[in-house]
There are 2 protein chains.
Amino acid sequence: MNKNITMKDIADQIGVSTVTVSKALNDKEGVSDELKARIKAIASEMGYRVNTVARSMREGLTYNIGVIIPERFTGPDQSFYLRVYQEISKGLEDYGYYGILHILSSSDEQAQQLPRIYYDRKVDGFILLGQIGKPYIEIMHAIEPPILFLDFYDDHSDIDAVVSDNFYGAYELTNFLIRQGHRNIAYVGSLHATSSIQDRFLGYYKSLLEHHIALRQDWVINDRNEHGNYLDIEIPDELPTAFVCNCDQVAYLVVQKLQGMGYRIPDDCSVVGFDNDIYATLTVPHLTTVEVNMKQLAQTSIQSILSKISTPDTKFGRIVVKGKIIYRSSVAKI
Amino acid sequence: MNKNITMKDIADQIGVSTVTVSKALNDKEGVSDELKARIKAIASEMGYRVNTVARSMREGLTYNIGVIIPERFTGPDQSFYLRVYQEISKGLEDYGYYGILHILSSSDEQAQQLPRIYYDRKVDGFILLGQIGKPYIEIMHAIEPPILFLDFYDDHSDIDAVVSDNFYGAYELTNFLIRQGHRNIAYVGSLHATSSIQDRFLGYYKSLLEHHIALRQDWVINDRNEHGNYLDIEIPDELPTAFVCNCDQVAYLVVQKLQGMGYRIPDDCSVVGFDNDIYATLTVPHLTTVEVNMKQLAQTSIQSILSKISTPDTKFGRIVVKGKIIYRSSVAKI
DNA sequence: CTGAAAGCGCTTACAG
DNA sequence: CTGAAAGCGCTTACAG
């Protein structure tokens with residue numbers, strides 16, 4: 001079926017020039033409506049498909065966006081970022097763009113090796129999905145194509161970022177616990193691991209402050225080491241009545257741990273998560289959590305990176321996408 | 001940093017022609033070693049990056065592969081295909097290729113609407129990941145770029161396919177159950193839903209036949225409707241001693257259901273799954289299952305589609321990738 | 001070993 | 001309203 005029909009073939013067929021065909025097919029001015037219609041009809045009849053490569057060369061744009069995800073966020077039990085990528089990829093199509101995924105291996109990250117899509121000039125811009133090492137940020141910052149951080153940020157550089165509202169999400173979730181009568185509330189998450197964990201912690205802390213509840217360092221519990229690998233979570237000797245976990249997966253682990261120790265959730269202890277991912281409903285009882293608006297995260301990123309491509313000096317700073325609390329049965333009123 | 005350095009810039013810098021630069025950078029014959037080294041040094045110094053778009057236009061290749069996944073396989077609790085895509089995408093880079101993901105919406109599938117990457121000539125070939133409707137297969141079959149089915153096949157068309165060894169996997173798993181003393185073994189999976197479910201069923205059936213165990217129709221249990229949506233699984237009145245489930249997620253549901261009815265797994269009833277995905281270890285007890293060799297599935301697909309691109313009439317037929325049984329604690333000896 | 005010429009398929013700026 | 005010319009950056013086939 002229709003091997004390699006070009007504008008020239010259509011032009012020859014009707015006896016016009018390729019210029020006219022190009023104008024007609026792209027709805028540009030300067031072709032009579034009648035001729036335009038005829039060209040379009042013939043094009044479709046001949047099974048014409050644009051050669052976007054030729055267009056790309058002419059315009060100096062690839063119509064591709066590179067989406068970079070550090071390998072450590074793509075383990076068998078973490079599909080959130082892959083899903084975000086999926087949304088981005090789907091959303092980009094509406095703009096005639098495509099998303100090319102690059103999983104950044106830990107060794108490349110260490111060695112500050114830029115992805116092949118960069119050296120191949122395969123993309124017009126990059127979305128970095130997930131916290132990445134500082135040195136790597138620096139080299140990405142130095143390259144020419146525009147870049148955007150997604151789901152994290154770094155204050156020492158002036159790169160635009162799209163993040164979900166970790167701070168207010170955790171703040172409101174903690175407020176909710178307090179309204180349910182809790183005052184002994186722990187936070188689970190290693191504060192130096194990612195900016196998300198840090199911001200969620202600060203939201204939790206703000207809620208405590210507003211309610212004049214003292215922060216207890218022994219109730220701020222590490223969940224992962226500096227490589228991002230999960231630790232065995234240590235339940236404090238003096239049990240709080242509620243745990244604010246920095247993500248659903250960790251909430252799932254906390255619930256398992258507590259149940260293993262004989263506690264009933266939420267009767268003996270309440271647990272909340274963050275993300276509303278698969279772990280929220282795998283946990284029994286299902287978790288009260290914060291739903292990140294993934295579609296909007298994707299849409300906002302797409303619009304930001306595309307406008308940075310079309311208008312190189314565009315700056316957005318940090319764009320925050322709101323989440324919402326999903327109420328389920330992991331919290332008891334006391 | 002280095003905006004748009006071209007071969008011409010390098011050529012001008014040294015005072016040679018672009019032809020020589022091209023030959024040097026691509027390690028082609030016809031440049032003295034000395035000059036080649038000098039050109040490479042200058043290129044790297046100037047921060048030269050190839051313009052693959054120009055190369056693509058010249059060669060008529062995009063160096064992209066389209067990976068199409070039907071939307072219904074990408075729900076929040078199904079990440080298997082996304083992971084396969086990730087493997088493919090990673091593996092393609094070693095060949096200078098990239099994978100462009102296209103999620104085929106159910107409406108496009110219905111309307112037999114080909115993906116935009118097709119009309120945009122964005123890819124040199126397609127990998128169809130996951131069972132797709134017959135009419136859609138027909139239209140994909142009719143297009144010019146080579147296509148490959150991954151993880152399913154269709155015998156009425158002559159399209160190459162890479163599949164995991166569903167038949168022998170289920171066969172060996174059932175043999176194992178029988179060796180553990182089971183003779184009352186049910187199969188869970190809707191036989192007309194996908195070729196995988198069908199083949200796994202036939203492997204199970206072959207094992208029964210070999211052991212002279214009669215197939216009981218009431219022990220072949222539906223798990224999904226014709227749209228692929230999960231049904232509430234009906235546990236038969238007369239309980240078998242073991243369930244062979246067509247995938248881990250369904251095994252997880254079966255275990256939940258049985259436990260909800262008061263049965264202990266594996267003491268009262270054994271359950272096995274297939275895939276060794278996240279559900280295998282989320283299920284308590286962890287599932288004995290068949291691990292699909294995802295990396296090899298990806299590698300084989302990559303090699304197949306690339307050789308179909310370079311040698312258009314290459315045919316492979318159906319390539320089967322072996323799996324292996326993972327023994328865990330969901331099976332009891334009786 | 002080195003380079004001038006042609007061409008991949010498109011689009012833009014300009015001329016008629 | 002229509003088209004001839006130029007050019008995007010590369011590579012191949014050919015000539016020297």
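All values derive from a computational prediction rather than experimental measurement. A note on names: the letters A, B, ... follow the listed sequences, proteins ahead of strands, and every chain is numbered from 1.
Per the geometry, CG belonging to B:Asp120 stands 14 Å off C1' belonging to C:dG9, to the nearest Å. Between the CG atom of A:Leu25 and the P atom of C:dC10 there is a distance of 9 Å, rounded to whole Å. Rounded to whole Å, the distance from CG on A:Leu61 to P on D:dG7 is 20 Å. For B:Glu29 and C:dG3, the CD to P distance is 17 Å, given to the nearest whole Å. Atom CD of A:Glu59 and atom C1' of D:dC8 are 10 Å apart (whole Å). Taking atom OH of B:Tyr119 as the reference point, atom C1' of C:dC10 lies 21 Å away to the nearest angstrom. C:dC10 atom C1' lies 11 Å from atom OH of A:Tyr63, rounded to whole Å. Note: CD1 (B:Ile39) to C1' (C:dG3) measures 12 Å, nearest angstrom.
Side-chain contact check for A:Tyr48 versus A:Ile42: every heavy-atom pair is 4.5 Å or farther apart.
Aromatic ring pairs are classed by plane angle as parallel below 30°, tilted from 30° to 60° and perpendicular above 60°; the pair B:Tyr81 and B:Phe73 is perpendicular.
Residue B:Tyr48 places none of its side-chain N or O atoms closer than 4.0 Å to OP1 or OP2 of D:dG9. OP1 and OP2 of D:dC1 both lie 4.0 Å or more from every side-chain N or O belonging to A:Ser32.
The cationic atom of A:Arg318 (NZ for Lys, CZ for Arg) lies less than 6.0 Å from the six-membered ring centre of A:Tyr153 and within 45° of the ring axis.
Nucleotide D:dA4 has no partner under the Watson-Crick or G-U criteria, as no pair reaches both atom distances under 3.5 Å. Remark: C:dA13 base-pairs with no nucleotide; criterion is Watson-Crick or G-U wobble with both hydrogen-bond distances under 3.5 Å.
For B:Val19 and A:Val50, each mapped to the nucleotide of DNA chain C holding its nearest heavy atom, the one lying further toward the 5' end belongs to B:Val19. Take the nearest nucleotide of DNA chain C for B:Met57 and for B:Val16: the residue whose nucleotide is more 5' is B:Val16.
Residue-level contact check: A:Lys28 touches the backbone only, with heavy atoms under 4.0 Å from sugar-phosphate atoms and none from bases. Nucleic acid contact class of A:Val53 (heavy atoms, under 4.0 Å, all strands): none.
Side-chain contact, A:Tyr85 with B:Gln86: no donor N or O sits under 3.5 Å from an acceptor N or O.
Checked against D:dA4, D:dC10, D:dG9, the side chain of B:Asn4 finds its nearest nucleotide in D:dG9. The nucleotide whose nearest atom lies closest to any side-chain atom of B:Lys23 is, among C:dG3, D:dG3, C:dC10, C:dG3. Here the nucleotide nearest the side chain of B:Ser17, chosen from D:dT2, C:dG3, C:dT2, is C:dG3.
B:Ser105 contributes a side-chain N or O that, together with a main-chain N or O of B:Asp108, makes up a donor-acceptor pair within less than 3.5 Å.
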